[in-house]
Amino acid sequence: MNYFKTIINGIVKENPTFVLLLGMCPTLATTTSAVNGLGMGVATMFVLICSNTFISLLKNIIPDGVRIPCYIVVIASFVTLLQMLMQAYVPDLYKTLGIFIPLIVVNCIILGRAEAFAAKNNVLASICDGIGIGIGFTLALTLLGFVRELLGNGVVFGYRILPESMNMLVFVLAPGAFISLGLLMAIVNSVKNRKA
Amino acid sequence: MKKLESNIVNMAIVLTVIAVVAGGLLAWVNNVTSGPIEQINNQAIENGIKSVILGDRDIEFRVEEPTESDGFIFHNVYDMSDNLIGTAVESTDKNGFGGALKIMVGFDPEGVILGYEVLEHSETPGLGAQANGWFRQKSGEVKEQSTVTTVLLGAPGKPGNHNIIGMNPGDDMMIVSKDGGDVDAITASTITSKAFLRAVNAAYKAVFGYTAADAVSGASSQN
Amino acid sequence: MAQKLHITTSPHVHCGDTIERNMRWVIWALMPVLIASFFVFGVGALIVTATSVLSCLFFEWSITKFILKRPSTLGDLSAVITGFLLAFNLPSNIPLYMIVVGALVAIGIGKMAFGGLGNNPFNPALVGRVFLLISFPAKMTSWPVPAGLATSYIDAETGATPLNLIGQIAGGNTAAADQLPSLGNLFIGNVGGCIGEVSALLLLVGFVVLLCTKVITWHIPVSILATVGVLTGLMWFINPVLYVNPLYHLCSGGLMLGAIFMATDYVTSPMTHKGMVWYGIGIGFLTVIIRYFGSYPEGMSFAILLMNAVTPLINNWCKPKRFGEAVK
């Protein structure tokens with residue numbers, strides 16, 4: 001198994017947002033700004049790497065009949081842990097991401113990768129998969145947040161690019177999330193098709 | 001190592017062990033982080049009180065233990081020679097555009113608004129969510145711009161009267177100008193503006209017992 | 001090699017009806033409203049309309065040429081109609097760049113993203129308008145009051161439209177009733193609002209033109225207007241203090257414009273007459289609900305878009321019986 005290839009696979013070929021279309025709820029809801037997207041992506045990546053590692057370690061101990069409850073317990077523990085750590089040490093980010101941190105538990109990406117990858121591969125490969133998928137998710141969320149922040153608020157990472165009167169509010173709201181995700185996906189697909 | 005068989009004993013043991021270990025880990029982390037979390041929460045309230053009462057002034061002060069009644073929380077702030085500087089009131093209006101709107105507003109002993117902070121809200125970003133800045137924005141001057149720019153990009157924002165700092169809800173009509181009051185609503189967010197002003201008036205009333213807006217707002221605030 | 005024998009299925013006789021002919025009549029039918037708007041809002045109405053039509057044409061041309069790489073579809077005039085209808089849904093003092101953005105969304109996302117004319121599930125002009133309404137709520141909801149030809153583009157006075165007032169009255173502020181314009185003024189069109197929603201009278205003239213040239217049938221507009229009339233009439237009957245005379249509802253806002261020109265778009269409305277009536281009733285019902293209970297004063301565009309989404313279902317329910325099929 002080529003570990004580098006596993007990482008690249010998660011970023012490009014099996015990009016969770018643009019290709020697998022997993023975890024749409026946090027993708028659409030938290031990407032009102034690039035920083036929020038980045039924060040959510042990194043938080044998910046942390047949980048993903050930890051849960052992939054432990055599930056891969058425990059894969060032979062866990063009987064098949066109770067594997068899903070076990071995965072959920074492992075994932076939920078890491079999410080709660082992350083929530084407490086963020087609340088204590090990065091309160092600002094915690095305040096913005098708010099409700100979406102606990103929701104990482106039910107993010108399909110994490111359970112999906114546990115079931116589809118970590119339960120079948122060794123620890124190192126599972127870590128690489130976690131890193132790859134995590135980076136892919138983070139990049140996609142940051143990109144989406146970047147587009148929505150730029151068009152909706154005229155700001156990029158806090159720096160004003162467009163005058164305030166030109167803000168297109170719709171991009172900060174829910175419909176804008178769908179529109180920009182759809183357009184980004186179209187662009188990604190079009191670039192991919194051109195290459196192939 | 002061979003995979004464990006899925007019989008009832010194995011399953012029960014494994015699930016229990018994993019749950020116990022996870023629970024133990026969480027208990028330990030909770031123990032470590034509860035201190036800093038509490039500190040941050042207290043700090044947030046203290047910063048709020050400081051900003052709504054003192055603003056930019058830099059003086060020594062002390063805060064009395066908060067008192068609570070009717071859903072309002074009062075923080076009395078004294079200077080070092082025990083003179084009352086002002087009262088910070090936490091006040092909530094349930095009928096914002098997206099739900100409850102919680103603010104903290106500071107009054108001096110005469111009832112003049114010293115400052116405010118929006119503590120919790122679920123208003124629309126870019127519209128109602130501007131409340132934290134809007135009601136302290138001083139009326140600017142109209143910027144000169146050429147006709148072409150105006151046609152292409154729109155007229156510059158008109159200066160409005162929406163700076164509530166320095167107003168006194170006992171004398172000023174703290175309702176939106178559309179309803180005959182003294183405060184201009186946030187553009188396209190009248191519902192949020194009304195909720196905000198109701199919260200301010202309610203806070204004032206809880207301390208001083210009456211507001212100038214009482215006479216008019218009785219009808220329109222019951223929506 | 002020249003073909004000697006033509007073998008085709010029916011129909012063999014063409015009545016001469018083309019997309020282009022229908023679109024041309026729609027444009028003619030819109031003209032009276034544009035002229036009226038010029039007299040009510042001044043030169044701003046013309047500037048906005050011209051910008052909107054030109055940018056729609058430009059985006060249609062550039063998308064077919066550079067992205068889809070297809071032959072140009074400018075000739076079917078549908079982009080011109082989209083441009084007109086988009087402009088008619090805007091206030092006459094809106095900054096021009098917003099119109100360009102609206103045109104890009106209408107043509108690019110509303111129409112071309114689905115594959116061009118005939119494949120779009122939603123009315124493109126309304127997609128553009130709703131996008132602008134959500135994006136720039138402040139600019140999109142401050143309408144200039146009528147000031148005749150003298151109105152300058154820049155510092156037009158803005159004021160509450162009849163629908164704003166109707167909403168305020170329903171909200172309990174009955175004093176607003178004094179500011180309502182007279183029904184006569186409302187019917188002729190001497191009131192504030194979007195460019196195309198001023199004159200109920202001239203919109204009805206356009207309706208007659210479209211009926212006489214058989215571009216549209218009466219089913220959709222009449223069922224929308226009847227539903228709105230009956231529902232608001234019922235509410236007026238129950239409480240005439242809070243709810244205004246139904247004639248105000250029929251003559252104000254984009255109701256006539258939407259019912260006659262936008263709900264009747266061929267692509268996005270049902271195919272059978274029975275389906276059209278249900279579609280119209282749905283639009284009328286949603287419009288009244290949004291006007292009275294929603295946070296926006298006008299609900300016509302949302303109502304039409306929602307019913308656009310339901311159109312495939314209506315088509316499914318109202319399938320005509322095949323010839324010779326047994327009656328159940």
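For clarity, every value in this text was computed on a predicted model and none was experimentally measured.
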* **Proximity breakdown for A/L183 and chain C, heavy-atom pairs closer than 4.5 Å** =>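 The answer is the side chain of A/L183.
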Within a strict 4.5 Å, meaning less than it, do heavy atoms of the [X] and [Y] side chains meet?
X	Y	result
C/L90	C/C194	no
C/I63	C/K111	no
C/F285	C/V228	no

* A/F171/C/F131 aromatic ring centres below 6.0 Å ->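 Close enough - the centres of the two rings lie under 6.0 Å apart.
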* Check whether C/L132 gets within reach of chain A through its side chain, its backbone, both or neither, counting any heavy atom under 4.5 Å. =>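 Neither the backbone nor the side chain of C/L132 comes within 4.5 Å of chain A.
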* **Toward chain A, the part of C/V105 with a non-hydrogen atom under 4.5 Å** =>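 For C/V105, no heavy atom lies under 4.5 Å from chain A.
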* **NZ/NE/NH1/NH2 to OD/OE distance under 4.0 Å, A/R67 and A/E115** =>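 The answer is yes: the pair qualifies as a salt bridge.
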* Run the salt-bridge test on C/E60 and C/K65 with the 4.0 Å N-O cut-off and return the result as yes or no. =>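 Between C/K65 and C/E60 there is no salt bridge, as every charged N stays at least 4.0 Å from the carboxylate O atoms.
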* For residues 60-84 of chain A, which residue pairs qualify under ring pair (Phe, Tyr, Trp, His ring centres under 6.0 Å), counting only residues two or more places apart or in two chains? ->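 Sorted result for residues 60-84 of chain A: A/F54-A/F78.
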* For chain A, which residues from residues 112-124 of chain C lie under 4.5 Å away (heavy-atom distances)? ->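 Residues of residues 112-124 of chain C touching chain A at under 4.5 Å: none.
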